[in-house]
> 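Right, I'll just put the structure down here and ask away after.
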Amino acid sequence: QVQLVESRGGLVQPGGSLRLSCAASGVNFSRYTMGWYRQAPGKQRELVANITSGGMSNYADSVKGRFAISRDNAKNTVYLQMNSLKPEDTAVYYCNGRWRSWEYWGQGTRVTVSS
């Protein structure tokens with residue numbers, strides 16, 4: 001059975017940093033494009049960043065220069081390093097894996113940026 005298990009989020013002050021991780025099981029991880037999405041209160045879900053099997057990454061304009069996505073295929077894990085956090089980054093963050101017609105989602109982890 002496919003599972004994407006995310007680390008716990010948390011409460012962070014503006015300007016702070018947080019690293020999220022997502023561990024996959026039940027899939028051939030190295031073949032998958034992995035991504036992070038988020039949904040802020042009262043807003044639509046949006047792509048934050050993704051990374052292909054070849055290591056090419058893509059970021060939303062709102063997080064460029066602040067966030068970094070990476071993957072460790074040996075650990076079947078994808079990471080999202082979040083720096084210089086802003087209150088606007090407050091959201092539930094979801095891990096996503098996609099390969100051909102297959103798509104899977106993590107359970108979501110809540111990140112709150114507030115003083």
> What is the distance from atom CE of M82 to atom CG of D89, rounded to the nearest 0.5 Å?
7.5 Å
> Can you see whether D72 engages S70 through a side-chain donor-acceptor pair at a distance of less than 3.5 angstrom?
no
> Does the side chain of E46 come within less than 4.5 Å of R38's, by heavy atoms?
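A side-chain contact under 4.5 Å exists here.
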> Of all heavy-atom pairs between Y59 and A68, which one has the smallest distance, and what is that distance?
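Nearest pair, atom of Y59 first, then A68: OH-CA, 3.3 Å.
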> Does any non-hydrogen side-chain atom of F67 lie less than 4.5 Å from one of L80?
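Result yes, sub-4.5 Å side-chain heavy-atom pair found.
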> Would you say I69 and V12 are hydrophobically clustered, going by side-chain heavy atoms of ILVMFWY under 4.5 Å?
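Yes, same cluster.
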> Does some side-chain heavy atom of Q39 sit less than 4.5 Å from a side-chain heavy atom of Y93?
no
> Going through the checks in order, is the salt bridge (Lys or Arg N to Asp or Glu O under 4.0 Å) test met by K64 and D61?
CA-CA 5 Å; K64 285 181 179 177; D61 287 342; 3.1 Å; yes
> Determine yes or no for a side-chain-to-main-chain donor-acceptor pair under 3.5 angstrom, with S62 supplying the side chain and A60 the backbone.
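Checking the backbone N and O of A60 against the side chain of S62, no donor-acceptor pair under 3.5 Å is found.
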> Answer whether the closest heavy-atom distance between the side chains of W36 and V63 falls below 4.5 Å.
no
> Working to the nearest 0.5 angstrom, can you tell me the gap between S21 OG and R71 CZ?
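Going from the OG atom of S21 to the CZ atom of R71 covers 14.5 Å.
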> In Å and rounded to the nearest 0.5 Å, what is the CG to OH distance from L47 to Y94?
14.5 Å
> Show the nearest heavy-atom pair for residues C22 and L4, with the distance to one decimal.
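Between these two residues, the closest heavy atoms are SG-CB, 3.8 Å.
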> Taking the side chain as every heavy atom from C-beta outward, state whether T33 and I51 have any atom pair closer than 4.5 Å.
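When only atoms from C-beta onward are counted, I51 and T33 do not touch, as no gap falls below 4.5 Å.
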> Mind checking what makes side chain to side chain donor-acceptor pair (under 3.5 Å) contact with N83, not counting sequence neighbours?
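With neighbours one apart ignored, the set is S17, Q81.
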> Measure from the side-chain N and O atoms of R45 to the backbone N and O of A40, and report whether any donor-acceptor pair falls under 3.5 Å.
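Not confirmed, R45 side chain does not pair with A40 backbone.
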> Are any non-hydrogen side-chain atoms of L20 and Y79 less than 4.5 angstrom apart?
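No; the side chains remain at least 4.5 Å from each other.
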> Hey, does the side chain of Y32 reach the backbone of W102 with a donor-acceptor pair shorter than 3.5 angstrom?
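Checking the backbone N and O of W102 against the side chain of Y32, no donor-acceptor pair under 3.5 Å is found.
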> Using side chain to side chain contact (heavy atoms under 4.5 Å, CB included) as the criterion, list what pairs up with N96, not counting sequence neighbours.
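N96: side chain to side chain contact (heavy atoms under 4.5 Å, CB included) contacts with Y37, R98, E103, W105.
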> Can you establish whether the number of heavy atoms outside Q13 located under 6.0 Å from its atom CD is more than 12?
no
> Between F29 and N73, what is the shortest heavy-atom contact and its length?
CE2-OD1, 3.2 Å
> Indicate yes or no for a side-chain donor-acceptor contact from E6 to the backbone of C95 under 3.5 Å, with no hydrogens or angles considered.
yes
> Considering only distance and modelled atom types, tabulate donor-acceptor pairs under 3.5 Å from the side chains of residues 108-115, sequence neighbours left out.
from, atom 1, to, atom 2, distance (Å)
T109, OG1, S7, O, 3.0
T109, OG1, G9, N, 2.6

